[in-house]
Amino acid sequence: MINFGFAINKPRAIDIDRNNLRKSNEIISEMPELQACIGCGSCTASCTAGNLTEFNFRKVHTLVRRGEYQGAYEEMNKCMLCGKCRLVCPRGINTRGIVMLIKRKLGDF
Amino acid sequence: MKRSSWTEYQKDIADDHYYYARSCIRQNFFPGSEKVFLDILGKDLGRDIFDDPLHTSCTGIGYHSDVVPLETIMTVVARQFSLMAEAGYENFTSSCITSFGIYTELLATWEEFPETEERTRENLFKATGREFHKPKNLAHTSDVIFHHREAIAQRAKRKLVNVYTGEPLKVVEHIGCHYAKIFPKKGVGGSEFPYVLAGMVESWGGEVVDYPERRHCCGFGFRNYLVQANRGYSVANSHKKLESMAPYKPDFIVCNCPGCSMFLDKWQYTIAEMEGTTYGQNGAGIPVLTYEEMAGLVLGYDPWELGMQMHQVDVEPLLDKMGVEYDPAAKYLGRNGKFLGRPERALVNSCSQETLYKMKAL
Amino acid sequence: MTFFAKFCIPFIVGVVVLFAVIAIKYLSWLRNLPKKDWKLIFSNIISWRTVAAAWEVVCESLLHRRIFKVNPRLGYMHMSLAFGWFLLIAVGWIETVAYMGFKWVPLQGHVFFKYFVPLNGITEHKPLFDFVMDLLLLFVLSGVGLAWFKRLRSRALGMKKTTKHVLFDRIALSALWFIFPLRLVAESITAAIYGGGSFLTGGIGILLSKSIGVEALSYTYEPAWWLYSTALGVFFIAMPFSRYMHIFTEIPLIFLRHYQLRPESKEKSYDNFELEACSRCGICIDPCQLQSQLGINDVQSVYFLRDRRYNMLQQKIANNCLMCGRCEQVCPVGINLNTLRLNSRSSMRNIPNEGRYNYLRNVDTSSGEGKVGYFAGCMTLLTPNTLRSMRQIFEAAHEQVWWADKEGGACCGRPLMLSGEVDSARKMIEHNKSLFVKHQIKTLVTSCPICLKVFREEYKLEGIEVLHHSEYILRLIQKGRLKINYQRGATFTYHDPCELGRGSGIYDEPRAVIKAVGELLEPAHNRKEAFCCGSSVANTAINDAQQLTIAGKVATELSETRAKTIVTACPLCKKAITRGTETQVVDLSEIVAQNLKQ
Amino acid sequence: MKHVIVIGGGIAGMQCASELLRQGVAVTIIEKEQDLGGKIRNWHKLFPTFTPADEVLTAVRHKLKISSNLKVRTGCQATSITAKKVTLSTGEELKCDAAVIATGFTLFDAKIKEEYGYGIYDNVITSADLEQMFNEGNVRLAQGGTPRRVAILHCVGSRDEKVCQRHCSKVCCVTGVKQAIELKQLFPKADIFNFYMDIRMFGPGYEEMYREAQTAYNVHFVRGRISEVSPTFDNRLQIKAEDTLTGRPLKMGVDMLVLLIGMKANAHNTLLSKECQLQMQSSGFMQPKDSFLGNVTSNVGGVFYAGAVTAPKNVGESINEGTAAAHSVIEWLEKR
């Protein structure tokens, strides 16, 4: 293999066909309310951890639903579980439950 | 696939008397293509085409890389047009897709913003003392070949057919982005289903492969390629296309843009050397042709005369499929019969360079 | 006299197994106690605590006083079985002694005394003993009868729900139900053949001999004793694996508890005593709002303890609890239900992760300066009226305040702990603690009871007094630093937040503050019995609609007091209750700030 | 007896005609198709109640009682409309005392959005085609078989300046959600992805239906416009879009792509505005006299509007406008 001084960039596109959606389907079937997200961003706006880091709950769970698990567990680990997001979610999503579910499915417990 | 939409996008292509503008990339990497284009038009089709030694680069690469300002390129282009007028032509045809895009864009700019035309006229006169003219007809050279595709088909010595199976060859056509993505109405078939190359392939007996990333850019992207650190992004685009087309087992790729021909050909080498992946059916690369080379093969030109030894991916498997007779030993001989040297062996190559060299050495 | 017959074998096997298993269990639990716990035992064993423990054993293990308090009928059932049986054994032993003198008699000799010594060698006390024993047997049988009845109709015993059982429970329960009727049968047949017995066994004996005849009865004599012995044996073998393990386990638990042993945020050996001391009486089911208001009936403490004991605990059970503490209030055994659930969650979810929350390093978004620190809490940032009111109160009292998290800060860590991520919560605790120390505060005031509990219990803030704002405001009023206009005609009702009331024992301070502003009307359930608002951060299992249902019920009860304003002292409760009522819901600080005398 | 000509025999026109007849006015309906009924004839079920379209159409038809006062002219169009007379495409001139224009709308031709491959790839269909399939009880792929994954693209020919359709067609979002649910009912194992720009659930019960689609039917909603469609090696369709909520491009293979085609103003409207001095909006829909007080009145006395000729409307609104137009006509006739 020759080193040309650059690497071939990996595609940025979310490829639903290549992504393994098993875990994503499990997450959705366990808590179907997650699908009710309308992407308003209230959770992220009020997020205690999001105030201090780039943690974006809405984006991470959306990516997880699309089968993009890379880094999702680590991101979710930034969450302090304080529960503000659950109070502000206009769709009544049990956000803390979602955080824990995603961590359970994508982490090792 | 039911495809007839291209008929809604037609453009006027002059039938004769062309002023020819060369392409920087094509004349460097595929010099045979420009030569054969002139030959096909002049000798095979008996058309009048003028290859003017006075014309220059359109500076499009510089323009798209942010080193040539708009006013400068406008003046350069105006000079090309005035050279055309001075030579007594009014149909401009350019070999390069980038140039074609530039000419189209600037003509449209002058149309929309007449003050820029005024300034260009002034600048041109100040700089060169020439008169400002605009061509009556602007076409890319692939448009010209497209225009004459049936005439070429009539004179065809070979078809784009696999001589062993009798099946049409599977051809991936790749249209340069600047051909119709900027001004869809200025390209045959528009931007979604451009027909300029597909028309040639179909007229000459081949079958066009419609694959998911058909419209994707080859990845050249000027700055993206020119800056070494960005090349990973550039090659990723070709990578994406090749991944997408490979399952269709294409016999060859044909491009109308010199940059695309070069990148789709040479990035195959890069990808193979970096990742070990090759995309051809034979475990090597997929041959990449210019449409001039494709037309040349159809018309019975000698592949080495077409400059096909300059390709990264060996074309011999394709030549064999088409039933083209060629002298393997002559591959690396120049026009004067002198040995040109041979490339290093690479993963994408299917033919043994050694044997060829030795045959000649004997 | 040999005191042995073949039918004794099931009984003897049962007893041996029972005591062996109990010994193994207790010894291994004790052996695994952490050093800290052993130290506590040693330092307390020779003290009045042991005496107090012994007295409690009598009151609770035998008499079941606490169950009596909660539910007299249920108390009687437990007492008749426990105390009655105990007396049967005790009186039986005395009878043996009376007959044999102080001689060693094998255990089965005591238990099956009637078999071995049916008639011959009558002492002058025999009729008396027969009478007492029959009376006690009747006492126990009445308890068994109630138990049968409870199975069929739990409501009749004042319980809305009764527990569902595992296999060992069913075996032990069935055996237990048959022990005393079988004893009655065996002793009655003996009385019929050999005479003796008092009003119960003797009476039935006469009836039997008259109706069936002694001849026919003699064929049933041995089988009856076999059945009785087998029922005992089965019960004893099943017992240590069933809920009846509580009969013995409650005793060491009472002692250990008196020696100050407690469950902690991580599981430890002591927990086993609490787990197996649960009799699965099911008293914890009724107060559970998940059961009464949402109809969820498989997550209550009794099932949680059962599942944990049999290693079949699932996250969905462990997670589905408001941790409001209402069940803990009524548990007759006094098990630390919340702590046990919390440390179960910890075992299931705690993944130590060194790198986690490293982003908190050097984060300090605090402002102001003062000896008093104010930590609003994450939720309070969503109830800005509380923040504004606190600012007005601080200004009115001329207090210099360090604002810890007005612009957002790190969470207190309690929500993480409640979710079981105990080690990660420590990161937050250390972070916030370092800020408190850095800014040299002497008093820490918070508006969030969730924060308050963790500050008090986990932060170990030496030299810093932690106050809930209700306590702080009351103190300002009492010291005369705040002057308040009493609003004649203003009526308030107060919702006790779980974490503040049952969690931290703060019931009176908020009430005193409210009374300084206007009239306080108490809702039907208040103080220790107060409902949870349903939005508890401890529960991640119920959905929004379910939270709303609970909030609605709570709000309705509060509105029924006809108070003009509902007051609470927790931002989460405020948000929750607001969703369920048209009545105005405010934080305690708001009514104070609105009625400050300038 | 007064005579009113109703141009257009869809639900709005029919409703208007039956109201006028009830008030003792003679009515002539001009319909360009061979039958009355309009677009709703080809629709399967109506949102948000999933009421069969046929049920509604039958009820409206039923109200339109056959009488000597009702004349129906099918197969012709009106080329000129005034309060006094209507000229037909046959050259005939009909006298009248007032005219109601209820010519509705034209479905956007999805072929114009070439990049979506309608008319090029077999399994790219429009929402109207899908309704047809529902009606025939034959939702299948062109090559046979049932779809495993379907993408539904919102805003095809709506809110798109590239095809000169700046307006929102209003009903497509709701239709998209309705069709997603219907597909899911037919193929519970299929994945349905709705690609939307905004979800506009403007009516009662619509938002509830949307939520039900999300949580009860597990329909996926991706915010982003599909930019191109291409065939894949296994004869599926590869679609590309941006998942704008994650800021990442997204691609996937689907078996079927449903284009929610918008409502286009009739080309006829331009003619009306030129020939009859009726005002037209920039969207091409006719301009009612007033947005609040004169929704069914035109700027020309005695000429009225009903239904989607003035703007995209749903079925209920169109029927209501039929009634409203009839009332306005009566009022106008009484004043004379």
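Throughout, protein chains are lettered first and strands after them, A, B, ... in sequence-line order, and every chain is numbered starting at 1.
Proximity to chain A is limited to the side chain of D243(D), based on heavy atoms less than 4.5 angstrom apart. Of the two parts of I28(A), only the side chain, counted from C-beta on, holds a non-hydrogen atom closer than 4.5 Å to a non-hydrogen atom of chain D. Neither the backbone nor the side chain of R18(A) comes within less than 4.5 Å of any heavy atom of chain D. At a 4.5 Å heavy-atom cutoff, L34(A) makes no contact with chain D through either its backbone or its side chain. With a 4.5 angstrom heavy-atom cutoff, R65(A) does not touch chain D via any of its atoms.
Checked against S42(A) for a side chain to side chain contact (heavy atoms under 4.5 Å, CB included), the options C85(A), P90(A), C47(A), C89(A) give a single hit: P90(A).
One finds no salt bridge joining K162(D) and D160(D) here, because no Lys/Arg side-chain nitrogen approaches an Asp/Glu carboxylate oxygen to under 4.0 Å. Between E321(D) and K313(D) there is a salt bridge, since a side-chain N of the basic residue sits under 4.0 Å from a carboxylate O of the acidic one.
Residue-environment remark: CD (Q70(A)) stays at or below the threshold of 12 foreign heavy atoms within 6.0 Å.
Among the candidates P32(A), G39(A), A36(A), the residue making the largest number of heavy-atom pairs closer than 4.5 Å to chain D is A36(A). Contact tally against chain A (heavy-atom pairs below 4.5 Å) for I199(D), V219(D), V222(D): the top residue is V222(D).
Here the closest non-hydrogen pair linking K184(D) and A190(D) is NZ-O, 2.5 Å.
Annotation: cation-pi geometry satisfied between K170(D) and F202(D) (NZ/CZ under 6.0 angstrom from ring centroid, within 45° of ring axis).
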